[in-house]
2 protein chains.
Amino acid sequence: MTLTPDDFESIQKAIVDVQANGRDIRMTFASYYDDEVDIGWEVDAAVDSFQMFSSRWTIEILAALYIAGDRRFNELRTLLRGISSRTLSDKLTTCQEHGLVERVVEEGPPIRVTYRLTSHGRTCGRLLGPLVAYMKIHKDLIESE
Amino acid sequence: MTLTPDDFESIQKAIVDVQANGRDIRMTFASYYDDEVDIGWEVDAAVDSFQMFSSRWTIEILAALYIAGDRRFNELRTLLRGISSRTLSDKLTTCQEHGLVERVVEEGPPIRVTYRLTSHGRTCGRLLGPLVAYMKIHKDLIESE
DNA sequence: CTGAGGTGCATTTTATACACCAGATACGTT
DNA sequence: AACGTATCTGGTGTATAAAATGCACCTCAG
């Protein structure tokens, strides 16, 4: 499948709209939820896609920026209790390379650096939302088992 | 917040039902999507929750089992192109400890070991669905930038 | 003698701890 | 007004610890 930027724009819009109107994304991607469909090759696609998130801290950074909004370096470091500044710096760089985050320099004085989700990053954050909500409630139970 | 197993059952059921009926989980967790609400502390909750997924391969394993269904050890190793058997073994163990996956021994002969998502794991998989779908479509564009 | 389901161990890759740095603002002293 | 010094921001450098890999190998069943 090859998509033009226009295709992408409208697909992304559709996804966001679907979420925004309280309906399930399945209306756009029916096959994903249809157990009858042979989706063998989609495992490859999923495994492939998730490698972007498959390292420590990437999802947390995404979630923190999505929930808390734009944040500066040291603010993020505080939110992500436990990350080293070396690692945060490295992760923010790879997030930029993956098109999830952009580095915004506010010309001063004082000069300030802010990290912001790209529209791609915001969509990912939004799609992670239900998982955050579920985990928040489920955590107690899992931990007490 | 402390939940009884019964609370949990009905909450989980509600989440799955909401998804299954094509509505957004926000109907259950309104505050998550409401930009006006101060959700500072929820960042903590999210960061906390995601640490379960925040290591290499965990999300891929979840996605593979969710999309492809129950799988045996070597089948998973094939699906997750590139994982070493040592790492797969370790990750499956921690997924079990987190209550995401169960190890099902089919008494033979022949004896076979199957890995299966728990109901918790399936819910997580389902909630990751929209992200899989989005990434699949978005990947071309990101990579060509 | 093969395939399934792993474990052991040495090496490489990732993340951490901790020190440090340059530039800017801030506070008090003289 | 100049002077020291002290702190905050946004990182980098380096050694060490933790996680993942490659590859050999094991047991058990067929």
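Reminder, nothing fancy here: chain letters follow the sequence lines and each chain counts from 1.
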Completion exercise
Taken to the nearest whole Å, CZ/A/R77 to C1'/D/dC8 is 12 Å

Completion exercise
Axis-to-axis angle across the helix from C/dC1-D/dG30 to C/dT30-D/dA1, five pairs each end, nearest 10 degrees, ~ 20°

Exercise for the section: Figure out the CG/C1' separation between B/L88 and C/dT7, and round it to whole Å. Expected result: 13 Å

Practice task
Determine: side-chain N/O of B/R86 to OP1/OP2 of D/dA24, distance under 4.0 Å, yes or no.
Solution key: no

Exercise for the section: Using a 4.5 Å cut-off on heavy atoms from C-beta on, say whether the side chain of A/T58 contacts that of A/C95. Expected result: yes

Handout entry: Test item: B/Q51 and B/V47 side chains (from C-beta on) under 4.5 Å apart, heavy atoms
Key = yes

Exercise for the section: Respond yes when some side-chain nitrogen or oxygen of A/T87 is under 4.0 Å from OP1 or OP2 of C/dT16, and no when none is. Expected result: yes

Exercise for the section: Would you please confirm or rule out a distance under 4.0 Å between OP1 or OP2 of C/dT14 and any side-chain N or O of A/W57? Expected result: no

Practice task
Answer with base, sugar-phosphate or nothing: what part of the nucleic acid does B/R103 contact at a heavy-atom distance below 4.0 Å?
Solution key: sugar-phosphate

Handout entry: Side chain of B/S89 (C-beta onward), nearest among C/dA15, C/dT7, D/dG11
Key = C/dT7

Practice task
Using atom CD of B/Q96 as one end and atom P of C/dG5 as the other, report the distance to the nearest whole Å.
Solution key: 14 Å

Practice task
Return the nearest nucleotide to the side chain of B/R56; candidates are D/dG11, D/dA20, C/dG6.
Solution key: D/dA20

Completion exercise
Whole-Å distance, A/E75 CD to D/dG10 C1', equals 12 Å

Problem - Among C/dA4, D/dG11, D/dA20, the one nearest B/R72 by side-chain distance - result: C/dA4

Exercise for the section: Whole angstrom is fine here: how far is it from CZ in B/R112 over to C1' in C/dG5? Expected result: 11 Å

Problem - A/L88 and A/L76, any side-chain heavy atoms less than 4.5 Å apart - result: yes

Problem - Phosphate OP1/OP2 of C/dA4 contacted by B/Y115 side-chain N/O (<4.0 Å) - result: no

Handout entry: Note, A/V113 side chain near A/E106 side chain (heavy atom, < 4.5 Å)
Key = no

Practice task
Would you please confirm or rule out a distance under 4.0 Å between OP1 or OP2 of D/dA19 and any side-chain N or O of B/K91?
Solution key: no

Handout entry: Student check: side-chain heavy atoms of A/D90 and A/R86 closer than 4.5 Å
Key = yes

Handout entry: Heavy-atom side-chain proximity of B/L100 to B/Q96 below 4.5 angstrom
Key = no

Exercise for the section: Take atom CZ of A/F53 and atom C1' of C/dT14, then tell me their distance rounded to the nearest Å. Expected result: 19 Å

Practice task
Would you mind reporting whether A/V105 and A/T114 have side-chain heavy atoms less than 4.5 Å apart?
Solution key: no

Exercise for the section: Starting at atom CD of A/E106, determine the distance to atom C1' of C/dA24, rounded to an integer number of angstrom. Expected result: 15 Å

Problem - Residue met sooner reading DNA chain D from 5', once B/G82 and A/F73 are mapped to nucleotides - result: A/F73

Practice task
Tell me whether the OP1 or OP2 atom of C/dT14 has a side-chain N or O from A/S55 closer than 4.0 Å.
Solution key: no

Practice task
Starting from P on D/dT21, measure out to CG on B/D90 and report it in whole angstrom.
Solution key: 10 Å

Problem - pair A/Y115-A/E75: side-chain heavy atoms closer than 4.5 Å - result: no

